[in-house]
Amino acid sequence: AALEGAESATSFATGMAAISTTLFALLSPSQRAVTVRDAYGGTYLLFTQILPRFGIQCHVCETDDHDAIEASIMSGCDVLYLESPTNPTLKVLDLARLIKAAHAAKAIAIIDNTFATPINQNPIALGADLVIHSATKYLGGHGDVLGGVVCGHRDLIERIYHYRELIGPALDARSASLLLRSLKTLGLRIERQNENALALARFLERHPAVKQVHYPGLESNPGHQIAKRQMSGFGGVLSFEVKGGMDALARFLPRLRYAYMAANLGQVETIVGPPALTSHVELTEAERAAAGITEGLVRYAVGIEDLADLQADLEAALACI
């Protein structure tokens, strides 16, 4: 709560527990939620498969079309749910603009701030009502704890906390202690990861084996100007598409010496993996394609290792493509 500038906060057993509990606490049958296509795979399925089963209307907008998102909000909205930057293509949404539209429609604006962290971005300062984190990622930072957090207005947190009491996804005491430990180094870790990610994104952008790099810190990124306005740092996650698709990835990934192949992110160690097989594996091929997730896309969550080591590691592994 202190880091996000919020009145109150509560915790959960996992990030998805925080997201699902919050949505079920705030939405009722016949109400309408608006979100965007580019979201964590579990979040996307929650809006497209789970919430509609309970009579909740969900409209998924194209992430790049702010006008369409605003139009959907104004046609009726009780909850607006956004990620920025998005997972895994790092698209940037103009949060102040969309939150203003949500409040004009008397909707609750919820922002998943996991990728940015409260060090790089504070959605509440931009008008958000609630901010959600998968604490498993950067807040934990060491790959040894699961958790989720929701911060925001005290009355909303009380509603969510009461619902959490009834359905039970509480954070256990040991995980809470590990998260408190990790928060002491959050600022230092994020500063180093910001620096490493920007340098590696610039390196990859110039590499002949790389088709495209997604990172809001790059001047070539479509969301760069918005990111400069609403973020103080661009985060430790980038994604890039290698030439040759999944066959090329199958040669490239095993050659990395300093990056762990895993589905997590936000650790002090660099973690790499194709979203098609990790964060978005439960989506259909068509759904992934619509979100710009190709078979050759790699999500690269930069750690705090020596930058020269990481760059040399990437260069050696990419030589096989």
Side-chain angles (χ1 to χ4, degrees), residues 37-41 44 63-64 83 85-92 114-115 137 193-224 227 234-267 269-321:
R37 185 181 299 278
D38 290 80
Y40 173 65
Y44 176 83
T63 312
D64 297 323
E83 287 183 24
T86 63
N87 184 2
T89 53
L90 287 298
K91 292 178 181 174
V92 177
T114 299
F115 266 33
K137 312 301 192 295
Q193 286 163 323
N194 286 343
E195 293 173 357
N196 281 354
L198 181 58
L200 292 176
R202 287 175 172 158
F203 160 74
L204 289 165
E205 193 175 36
R206 300 187 300 268
H207 199 284
V210 175
K211 188 182 295 184
Q212 187 176 12
V213 180
H214 305 283
Y215 187 68
L218 293 175
E219 291 79 1
S220 59
N221 187 278
H224 179 66
F234 301 112
V237 181
L238 58 95
S239 62
F240 58 96
E241 186 178 353
V242 299
K243 296 175 181 177
M246 190 63 78
D247 289 340
L249 280 189
R251 298 193 303 273
F252 162 68
L253 290 174
R255 286 173 167 80
L256 290 169
R257 295 176 59 206
Y258 299 134
Y260 290 85
M261 286 188 283
N264 195 24
L265 61 92
Q267 295 181 199
E269 302 92 354
T270 296
I271 295 178
V272 63
L277 300 178
T278 55
S279 61
H280 290 70
V281 67
E282 293 176 328
L283 272 63
T284 66
E285 188 175 339
E287 287 171 330
R288 286 196 293 269
I293 302 170
T294 65
E295 287 195 340
L297 186 70
V298 181
R299 189 180 71 186
Y300 190 90
V302 185
I304 64 169
E305 301 95 339
D306 183 81
L307 175 60
D309 284 343
L310 294 177
Q311 183 169 319
D313 191 33
L314 281 168
E315 193 156 25
L318 286 167
C320 74
I321 301 176

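Predicted, not measured: the structure shown is a model, and the values here were computed from it. The first residue in the sequence is number 1, and the count goes up from there.
- Here the side chains of F203 and L307 are not in contact, with every heavy-atom distance at 4.5 Å or above.
- Remark: Q193 CD to T270 OG1 distance equals 8.0 Å, nearest 0.5 Å.
- At least one donor-acceptor pair under 3.5 Å links the side chain of R299 to the backbone N or O of A263.
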Check your understanding: Stepwise, does the side chain to side chain contact (heavy atoms under 4.5 Å, CB included) test hold for N194 with F234?
Key -> CA-CA 6 Å; N194 286 343; F234 301 112; 5.6 Å; no

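- Heavy-atom minimum distance, V272 versus A259: CG1-CB, 3.7 Å.
- For the atom pair CZ (R255) and SG (C320), the distance works out to 4.5 Å, reported to the nearest 0.5 Å.
- Side-chain contact between H224 and L218: absent, with no pair of heavy atoms (C-beta onward) separated by less than 4.5 Å.
- Scanning all heavy atoms of the two residues, the minimum distance from G266 to A301 falls at N-CB, 4.2 Å.
- Side chains of L314 and H207 form no contact here, defined as non-hydrogen atoms less than 4.5 Å apart.
- Nearest heavy atom pair, residue A227 against residue V92, reads N-CG1, 3.9 Å.
- A 4.5 Å side-chain heavy-atom check between P275 and T89 finds every atom pair outside the cut-off.
- In this structure, N196 contributes its side chain and G236 its backbone to no donor-acceptor pair below 3.5 Å.
- Under the side-chain hydrogen bond (donor to acceptor under 3.5 Å, both in side chains) criterion, R257 pairs with no residue, sequence neighbours left out.
- By the side-chain hydrogen bond (donor to acceptor under 3.5 Å, both in side chains) test, Q267 pairs with N264, E269, sequence neighbours left out.
- The shortest distance between side-chain heavy atoms of N87 and V237 does not fall below 4.5 Å.
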Under 3.5 Å, side-chain donor or acceptor atoms of residues 239-249 against the rest of the protein: list the pairs with distances, not counting sequence neighbours.
residue	atom	partner	partner atom	Å
S239	OG	P88	O	2.8
E241	OE2	T294	OG1	3.3
K243	NZ	P208	O	2.7

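- Heavy-atom minimum distance, A197 versus L238: O-CD2, 3.4 Å.
- Every pair tested for salt bridge (Lys or Arg N to Asp or Glu O under 4.0 Å) that includes a residue from residues 309-321 fails, sequence neighbours excluded, so the list is empty.
- Between L200 and Y215 there is no side-chain heavy-atom pair separated by less than 4.5 Å.
- T63 approaches R37 most closely through the heavy-atom pair OG1-N, 3.5 Å.
- Judged by distance alone, with hydrogens and angles left aside, the side-chain atoms of R206 form a donor-acceptor pair with the main-chain N or O of R202 at under 3.5 Å.
- Between L90 and F115, the closest side-chain pair of non-hydrogen atoms falls below 4.5 Å.
- For the side-chain hydrogen bond (donor to acceptor under 3.5 Å, both in side chains) test, residues two or more places apart in sequence or in another chain that qualify with E205 are S220.
- Within the 3.5 Å criterion, the main-chain N or O of L310 finds no donor-acceptor partner in the side chain of E305.
- You'll find the side chain of E83 reaches within 4.5 Å of the side chain of Y40, heavy atoms only.
- With sequence neighbours excluded, no residue forms a side-chain hydrogen bond (donor to acceptor under 3.5 Å, both in side chains) with T86.
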